[in-house]
S.K.: 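Quick one: this structure, given as structure tokens, is what I'll be asking you about.
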Amino acid sequence: MDYLVIFIPLLPFVAAILIGFGHLFNQISGQKGEAKSADIAKNAIYLSCVAAIALLVADLLGHNQGSLTAVQWLDSGDLEIELNFITSGFSVIVAVLFAIILVIVTRFSTNYIHKESGFHRFFFVLSLFSSSILLLVLSGNAAATFFGWEIAGLCSYLLISFAYDRPIAGINATRVFVTNRIGDTGFILGIALAFYFGDTINWLDLNSVAESMATPTVTIMSLCFVVAAMAKSAQLPFTPWLARAMEGPTPSSAVFYGAVMIHAGIFLIILLRPVIEQAPLTMGLLVVVGLLTAVYSFIVGLTQTDVKSSLCFAISGQLGLMFLECGLGLWELAMWHLCAHAIVRSYQVLTAPSLLHYVHGNPMKPVPETVANKRWLYIASLQRFWLDPITDRTLVRPVNGLGYDLDRFDKNIIDRAMGDPASSFTAITTLTQLENKTHKNRLEEVHVEFVKGKGIVGKLLEWIANIMNWFEERLVLRGIGMDLVTMGRKLGQAANTFELLILKPRYLVLFVFIVLMLAASI
């Protein structure tokens with residue numbers, strides 16, 4: 001029965017292709033095509049859910065071998081990447097749970113997104129996400145898991161910016177997308193270290209060879225994967241992106257940030273349990289990060305005034321407790337916690353638009369006195385401990401500044417060194433300024449005669465002398481002198497600018513990072 005695992009991510013992917021190409025070639029469009037798009041998406045996820053349940057039943061009965069290799073993906077030297085799947089254990093349980101939730105959300109979305117201009121786009125992205133997240137939890141190697149990880153992130157971006165005509169939607173989607181790319185960097189480094197030190201990127205093989213690795217090696221490798229998990233599951237300092245992600249429609253918020261994708265980070269931690277247990281420092285980091293995130297989310301959640309914000313901090317707080325449980329070695333508890341939390345949060349987020357109807361007539365609970373009576377704590381909670389401005393100050397602005405400096409260096413140094421001509425706009429602007437300046441100087445110019453002559457020969461000598469005087473004064477004395485002064489001034493300004501740039505934190509950090517890399521290579 002292991003072969004059923006292939007159809008679980010494949011069927012939603014086929015549905016996404018059918019919806020995408022159908023809409024592209026106007027075979028599925030408008031309100032008349034809504035039923036067709038919804039039926040394709042629903043039938044695909046129904047069949048995928050049935051296949052997942054059948055695979056789980058076969059695993060419980062002991063009919064599965066534990067893994068299945070479908071085809072070899074890449075063979076380059078010592079690197080071999082196979083398209084293989086895990087067909088037993090916790091991965092299959094999570095696949096069944098996610099498939100059931102995806103069935104519910106897909107059916108819920110049919111009426112919720114009805115008559116929206118992006119109806120077909122929504123179901124295309126939802127089907128593509130369903131395929132990617134099921135591939136993520138069932139993949140047997142890090143490369144395929146990372147592929148599903150990235151496609152899920154792309155789908156998240158597309159659904160956060162679902163109402164792309166609203167500027168805030170695009171801003172929030174971009175912020176979430178960029179924040180998660182920090183975690184992707186850790187994931188890529190973890191894959192590279194796993195192959196370099198363990199000669200494998202298969203999860204089962206990596207977990208087996210972890211015991212033979214040195215503690216520093218397994219610590220660095222596990223820390224890379226933990227950083228990826230922290231970013232994906234909105235742990236400190238990446239927690240603020242979760243509130244921004246609630247910009248999308250309610251069904252996407254439920255499936256992405258309430259039940260499914262938000263748990264991908266903690267799932268990765270549980271998947272790498274044998275590796276992380278060999279690294280005490282990583283276990284300690286999980287405890288600290290999980291505890292701080294849980295406390296932070298609890299305090300900030302007390303003062304939220306809208307439903308989605310309250311839910312997102314409740315979600316991040318529970319995920320923090322899961323990280324804490326993993327760090328303390330309570331792996332079974334973390335598994336049960338993940339499954340129960342996904343079920344509860346999917347229901348809460350889906351019913352969030354009807355919350356006022358459910359609580360009508362019931363008094364709202366005030367902010368606890370322990371927070372309300374402490375002004376500084378209350379203000380900090382309202383401002384979410386200023387985590388977004390701090391991130392802007394420490395990460396966003398330095399990166400923007402570095403990009404601006406690199407752009408100036410490219411235009412003023414690289415382009416000129418390569419001999420690239422200036423753009424026509426710049427050339428025209430410069431020429432206009434030069435003509436205006438020349439015209440102004442001519443108006444202010446006072447004619448001074450150098451000599452006066454009489455007769456034809458005298459006038460000729462007078463004319464030649466005045467030309468030579470003009471040449472000496474205007475081109476030799478003023479030109480070279482002014483050029484030297486201007487050049488000296490520019491050199492001084494460039495030196496001051498260089499000194500100020502070098503003293504900026506981003507360049508000091510970059511310099512230290514380069515020195516450490518050179519030291520490590522030596």
S.K.: Rounded to the nearest 0.5 Å, what separates atom NZ in K42 from atom OG in S37?
M.R.: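 Rounded to the nearest 0.5 Å, the NZ-OG separation comes out at 11.5 Å.
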
S.K.: Are any non-hydrogen side-chain atoms of N180 and W241 less than 4.5 angstrom apart?
M.R.: yes

S.K.: Of all heavy-atom pairs between G66 and D2, which one has the smallest distance, and what is that distance?
M.R.: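 Heavy atoms only, the tightest pair is N-OD2, 3.7 Å.
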
S.K.: Under a 4.5 Å cut-off applied to non-hydrogen side-chain atoms, are T200 and N202 in contact?
M.R.: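 Yes, close enough: below the 4.5 Å cut-off.
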
S.K.: Does a side-chain heavy-atom distance below 4.5 Å link M221 with Y196?
M.R.: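 In short, these two side chains do not touch, never coming nearer than 4.5 Å.
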
S.K.: Could you point out which residue of M335, E332, H337 forms a side-chain contact (heavy atoms from CB on, under 4.5 Å) with E325?
M.R.: H337

S.K.: Using a 4.5 Å cut-off on heavy atoms from C-beta on, say whether the side chain of V287 contacts that of L324.
M.R.: yes

S.K.: Can L102 and V255 be said to form a side chain to side chain contact (heavy atoms under 4.5 Å, CB included), step by step?
M.R.: CA-CA 7 Å; L102 288 167; V255 74; 3.2 Å; yes

S.K.: Kindly say whether F124 contributes a backbone atom to a donor-acceptor pair with the side chain of S127 at under 3.5 angstrom?
M.R.: no

S.K.: CG/N207 to CD/E277 distance, rounded to the nearest 0.5 angstrom?
M.R.: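 Spacing of CG (N207) from CD (E277) equals 9.5 Å.
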
S.K.: Would you call the rings of H341 and H263 parallel, tilted or perpendicular if under 30° counts as parallel and over 60° as perpendicular?
M.R.: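 H341 and H263: perpendicular rings.
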
S.K.: Hey, does S132 have a side-chain heavy atom less than 4.5 Å from the side chain of L136?
M.R.: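 They are not in side-chain contact.
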
S.K.: Return the CG to OG distance between D165 and S117, rounded to the nearest 0.5 Å.
M.R.: 7.5 Å

S.K.: Below 30° counts as parallel, above 60° as perpendicular, anything between as tilted: where do the rings of F25 and F21 land?
M.R.: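 Ring orientation, 0 to 90° scale: parallel.
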
S.K.: Among V103, I133, I8, I93, whose side-chain contact (heavy atoms from CB on, under 4.5 Å) with F98 holds?
M.R.: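 The option that passes is I133.
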
S.K.: As a quick check of understanding, evaluate side chain to side chain contact (heavy atoms under 4.5 Å, CB included) for R244 and T179, giving each step before the final call.
M.R.: CA-CA 11 Å; R244 292 178 177 269; T179 303; over 6 Å; no

S.K.: Between R181 and D184, is there a salt bridge with N-O shorter than 4.0 Å?
M.R.: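 Yes, charged N to carboxylate O under 4.0 Å.
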
S.K.: Looking at every non-hydrogen atom in both residues, tell me the closest pair between S297 and F313 and how far apart they are.
M.R.: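 For S297 and F313, the tightest heavy-atom pair comes out as CB-O, 3.1 Å.
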
S.K.: Hey, could you give me the CG/CZ distance between L126 and R121, rounded to the nearest 0.5 Å?
M.R.: 13.0 Å

S.K.: Give a yes or no on this: more than 12 heavy atoms of other residues, nucleotides or ligands lie within 6.0 Å of atom CD of Q65.
M.R.: no

S.K.: Mark yes or no for whether T303, through its side chain, and V300, through its backbone, hold a donor-acceptor pair below 3.5 Å.
M.R.: yes

S.K.: Do any N or O atoms from the side chain of K36 and from the backbone of G22 form a donor-acceptor pair under 3.5 angstrom?
M.R.: no

S.K.: Does atom CD (E211) have a neighbourhood of more than 12 heavy atoms from anything else shown, all under 6.0 Å?
M.R.: no

S.K.: Taking ring-ring contact (aromatic ring centres under 6.0 Å, His included) as the test, write out the residues that go with F146, two or more places apart.
M.R.: F187

S.K.: With a 4.5 Å heavy-atom cut-off, do L206 and M213 have their side chains touching?
M.R.: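 With C-beta onward as the side chain, the pair touches.
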
S.K.: Would you say the side chain of F123 lies within less than 4.5 Å of the side chain of S109, judging by non-hydrogen atoms?
M.R.: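 Of all side-chain heavy-atom pairs linking F123 with S109, at least one is under 4.5 Å.
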
S.K.: Got a sec: does the CZ of F177 have more than 12 other heavy atoms crowding it under 6.0 Å?
M.R.: yes

S.K.: Please find the pair of heavy atoms, one from A143 and one from I201, that lie closest to each other, and give the distance.
M.R.: CB-CD1, 3.9 Å

S.K.: Could you state the interatomic distance from OG (S156) to CD1 (I151), rounded to the nearest 0.5 Å?
M.R.: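 Going from OG on S156 over to CD1 on I151, the span is 12.5 Å.
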
S.K.: Identify the heavy atoms of Q278 and A210 that sit nearest to each other, and give their distance.
M.R.: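 What the structure gives for the nearest pair is CG-O, 4.0 Å.
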
S.K.: Show the numbers, then the answer: is there a side chain to side chain contact (heavy atoms under 4.5 Å, CB included) between F13 and L128?
M.R.: CA-CA 6 Å; F13 181 72; L128 184 62; 4.1 Å; yes

S.K.: Going by atom types only, do S91 and W203 share a side-chain donor-acceptor pair under 3.5 Å?
M.R.: no

S.K.: Measuring only between side-chain heavy atoms, which start at C-beta, is L286 closer than 4.5 Å to I276?
M.R.: yes

S.K.: Using a 3.5 Å distance criterion without hydrogens, assess whether the side chain of S29 forms a donor-acceptor pair with backbone atoms of H23.
M.R.: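 Checked: no pair found.
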
S.K.: If I compare all heavy atoms of A334 with all of C326, which pair ends up nearest, and what's the gap?
M.R.: CB-SG, 3.7 Å

S.K.: Heavy atoms only: give me the nearest T293-G320 pair and the separation to one decimal.
M.R.: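 T293 and G320 have their closest heavy atoms at CB-CA, 4.3 Å.
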
S.K.: Run the side chain to side chain donor-acceptor pair (under 3.5 Å) check on Y46 and T106 step by step: do they pass?
M.R.: CA-CA 10 Å; Y46 287 163; T106 304; over 6 Å; no

S.K.: Let's go through M230 and V289 carefully: what are the C-alpha distance in whole Å and the side-chain angles of both, what is the deciding distance for side chain to side chain contact (heavy atoms under 4.5 Å, CB included) to 0.1 Å, and is it a yes or a no?
M.R.: CA-CA 8 Å; M230 288 166 55; V289 170; 4.0 Å; yes

S.K.: Please answer whether the main-chain N or O of I45 pairs with a side-chain N or O of S48 as donor and acceptor at a distance below 3.5 Å.
M.R.: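 Flag not set: sc S48 to bb I45 has no pair under 3.5 Å.
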
S.K.: For the side chain of N141 and the backbone of E82, is there at least one donor-acceptor N/O pair under 3.5 Å apart?
M.R.: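 Present.
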
S.K.: Using only heavy-atom distances, determine whether the side chains of T239 and Y296 contain a donor-acceptor pair under 3.5 Å.
M.R.: no

S.K.: Take atom CZ in R273; do more than 12 heavy atoms of anything else shown fall under 6.0 Å from it?
M.R.: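 Yes, the 6.0 Å shell around CZ holds more than 12 heavy atoms from other groups.
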
S.K.: Could you check whether atom CZ of F197 has more than 12 heavy atoms from other residues, nucleotides or ligands sitting under 6.0 Å from it?
M.R.: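 Yes, the 6.0 Å shell around CZ holds more than 12 heavy atoms from other groups.
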
S.K.: Can you tell me how far OH of Y112 sits from CZ of F122, rounded to the nearest 0.5 angstrom?
M.R.: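 One gets 9.5 Å once the value is rounded to the nearest 0.5 Å.
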
